[in-house]
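Numbered from 1 within each chain, the chains take letters A, B, ... in sequence-line order.
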There are 2 protein chains.
Amino acid sequence: MGRQMTEMLKGVLEGIVLAILSGQPAYGYEITARLRARGFTDIVEGTVYAVLVRIEQKGLVDVTKVPSEKGPPRKVYTLNDRGRTDLDEFWRTWGFLEERLEQLKQGDN
Amino acid sequence: MGRQMTEMLKGVLEGIVLAILSGQPAYGYEITARLRARGFTDIVEGTVYAVLVRIEQKGLVDVTKVPSEKGPPRKVYTLNDRGRTDLDEFWRTWGFLEERLEQLKQGDN
DNA sequence: ACCAGTAGATAGTAACACTGAATAGCGGAC
DNA sequence: GTCCGCTATTCAGTGTTACTATCTACTGGT
């Protein structure tokens, strides 16, 4: 992955995962697949699981273990109220940045 | 500063500084002031100087020392060719992220 | 003599994404 | 019946980054 993308994902990837979970509950492997389908082709499992551990510890998601027909049991993550609050805050922060960068891009500096 | 903003700035702040320099050369203290004027009210000098040291070491800027009427000599940073290339790449990476997040925000997840 | 404003530097910290590898369960091919 | 591939999770170690807090240094005004 490009160095710039890696750095830019910091603080954003967590929001992306929360946003994905806001649509419907999902488990790690599935989330990785969705990210890939969305164009984030270079994000590997290890990275996603680290995010999931973090948002669980922060109490932004509820977790249930669901047996899989194929492979070890899945840990299904569901966004809870605190997670939704955090996601809202994420979008506000993102919106702020987006605005400022749009101005900069227009060249009024 | 909010935790989310701090993390989100990683990888972005450097691009912001390069973008500011693309308009015209500037020195650290001045750049901090411009950032503040742009709404980044919580970014302090120490943070900006760290970025400047980094982009200088990467060879993205040329540096000249200019005496100041008031206070110690200024280090004026000028974006060079490598810096411009890096800035282009930054905007591409940013554009990619912006697109994906816009989709996510629209709720198609 | 002191202080505020200007200007830069730096050591230490915390957070984060990445790398690479390991573990574990199941199905099918051979 | 053993090996391979796919599913699924975990974890230790690394590098990069922004922040905190503090320090130095120069000038002008009170």
Side-chain angles (χ1 to χ4, degrees), chain A residues 1-18 25-36 40-58 60-61 63-77 86 90 93 97, chain B residues 1-18 25-36 40-58 60-61 63-77 86 90 93 97:
Chain A
M1 177 134 38
R3 155 198 145 262
Q4 292 200 111
M5 182 58 88
T6 291
E7 292 308 320
M8 228 182 264
L9 277 177
K10 291 187 181 180
V12 179
L13 182 57
E14 184 174 316
I16 293 175
V17 170
L18 291 179
Y27 56 97
Y29 198 80
E30 185 187 5
I31 293 173
T32 307
R34 293 229 204 128
L35 285 170
R36 297 247 176 81
F40 297 102
T41 54
D42 295 325
I43 295 183
V44 295
E45 283 89 348
T47 301
V48 176
Y49 286 115
V51 174
L52 292 175
V53 166
R54 211 162 61 226
I55 64 178
E56 181 182 359
Q57 278 171 350
K58 285 187 194 168
L60 307 180
V61 287
V63 186
T64 55
K65 253 190 182 143
V66 178
S68 166
E69 331 80 47
K70 204 148 164 70
R74 297 164 173 167
K75 284 179 73 176
V76 174
Y77 295 83
D86 203 77
F90 168 77
T93 307
L97 250 191
Chain B
M1 179 135 37
R3 155 200 145 258
Q4 291 199 115
M5 182 58 88
T6 292
E7 291 307 321
M8 230 181 264
L9 277 176
K10 292 186 181 179
V12 178
L13 182 57
E14 184 175 316
I16 293 175
V17 170
L18 292 179
Y27 56 96
Y29 197 80
E30 185 187 7
I31 294 172
T32 306
R34 292 228 205 130
L35 284 171
R36 296 246 177 83
F40 297 102
T41 52
D42 296 325
I43 294 182
V44 295
E45 284 88 348
T47 301
V48 176
Y49 287 118
V51 173
L52 292 175
V53 167
R54 211 161 62 227
I55 65 179
E56 181 181 0
Q57 278 170 351
K58 285 187 193 167
L60 306 180
V61 286
V63 186
T64 55
K65 253 193 182 142
V66 178
S68 167
E69 330 81 49
K70 199 145 164 75
R74 298 166 172 166
K75 285 180 72 174
V76 174
Y77 295 84
D86 204 76
F90 168 78
T93 307
L97 249 193

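- Distances shown here put every side-chain N or O of A:Arg3 at or beyond 4.0 Å from the OP1 or OP2 atom of C:dC18.
- Counting to the nearest Å, the P atom of C:dA9 and the CZ atom of B:Arg74 are 14 Å from each other.
- When the shell of 6.0 Å around NZ of B:Lys65 is examined, it contains 12 or fewer heavy atoms from other residues, nucleotides or ligands.
- Which of D:dT27, D:dT9, C:dG8 sits closest to the side chain of B:Lys70 comes down to D:dT27.
- Atoms CD (B:Gln4) and P (D:dT17) sit 21 Å apart, rounded to a whole Å.
- Between B:Ile55 atom CD1 and C:dG8 atom P the separation is 13 Å, expressed in whole Å.
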Verdict with reasoning, A:Glu14 to B:Glu7, per side-chain contact (heavy atoms from CB on, under 4.5 Å): CA-CA 10 Å; A:Glu14 184 174 316; B:Glu7 291 307 321; over 6 Å; no

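- Note on A:Tyr49: every side-chain N or O is 4.0 Å or more away from OP1 and OP2 of D:dA8.
- Contact between the side-chain N/O atoms of A:Lys58 and the OP1/OP2 oxygens of C:dC16 is found at a separation under 4.0 Å.
- Distance from the side chain of B:Lys75 is smallest to C:dA9 among C:dA17, C:dA9, D:dA18.
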List the steps, then state whether side-chain contact (heavy atoms from CB on, under 4.5 Å) holds for B:Arg36 with B:Ile43. CA-CA 7 Å; B:Arg36 296 246 177 83; B:Ile43 294 182; 5.7 Å; no

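- In this structure, the nucleotide among C:dC18, D:dC26, D:dT10 sitting nearest to the side chain of B:Pro72 is D:dC26.
- When the C1' atom of D:dT10 is taken as reference, atom CD of A:Glu45 falls 12 Å away, rounded to whole Å.
- In this structure, B:Arg54 reaches the D:dT17 phosphate: one of its side-chain N or O atoms is under 4.0 Å from OP1 or OP2.
- Atom CE in A:Met8 sits roughly 22 Å away from atom P in D:dG15 (whole-Å rounding).
- If you check every strand for non-hydrogen atoms under 4.0 Å, A:Glu69 touches sugar and phosphate atoms only.
- Nearest to the side chain of A:Glu7, among D:dA8, D:dT16, C:dA7, sits D:dT16.
- Expressed to the nearest 0.5 Å, how far OH of B:Tyr77 lies from CG of B:Leu60 amounts to 12.0 Å.
- Within the nucleic acid shown, B:Gly46 comes within 4.0 Å of at least one base atom, counting heavy atoms only.
- The side chain of A:Ser68 contributes an N or O atom lying less than 4.0 Å from OP1 or OP2 of D:dA8.
- The line from CG of A:Leu13 to CG of B:Leu97 is 9.5 Å long, rounded to the nearest 0.5 Å.
- Look at A:Lys75 and A:Glu56 and you find a salt bridge, because one of the NZ, NE, NH1 or NH2 atoms lies within 4.0 Å of a carboxylate O, short of that distance.
- Distance B:Arg36 CZ to C:dA7 P: 13 Å, rounded to the nearest Å.
- The base of C:dA17 does not come close enough to the side chain of B:Lys10 for any donor and acceptor atom to sit less than 3.5 Å apart.
- Per the geometry, CD belonging to B:Glu30 stands 16 Å off C1' belonging to C:dG5, to the nearest Å.
- Backbone-only engagement by A:Thr6 is indicated by non-hydrogen atom pairs under 4.0 Å involving sugar-phosphate atoms exclusively.
- Close to C:dT6, at under 4.0 Å from its OP1 or OP2, lies a side-chain N or O of B:Tyr29.
- Here the P atom of nucleotide D:dC19 and the CE atom of B:Met5 are 10 Å apart, to the nearest Å.
- Under 4.0 angstrom from either OP1 or OP2 of C:dA7 there lies no side-chain N or O belonging to B:Lys65.
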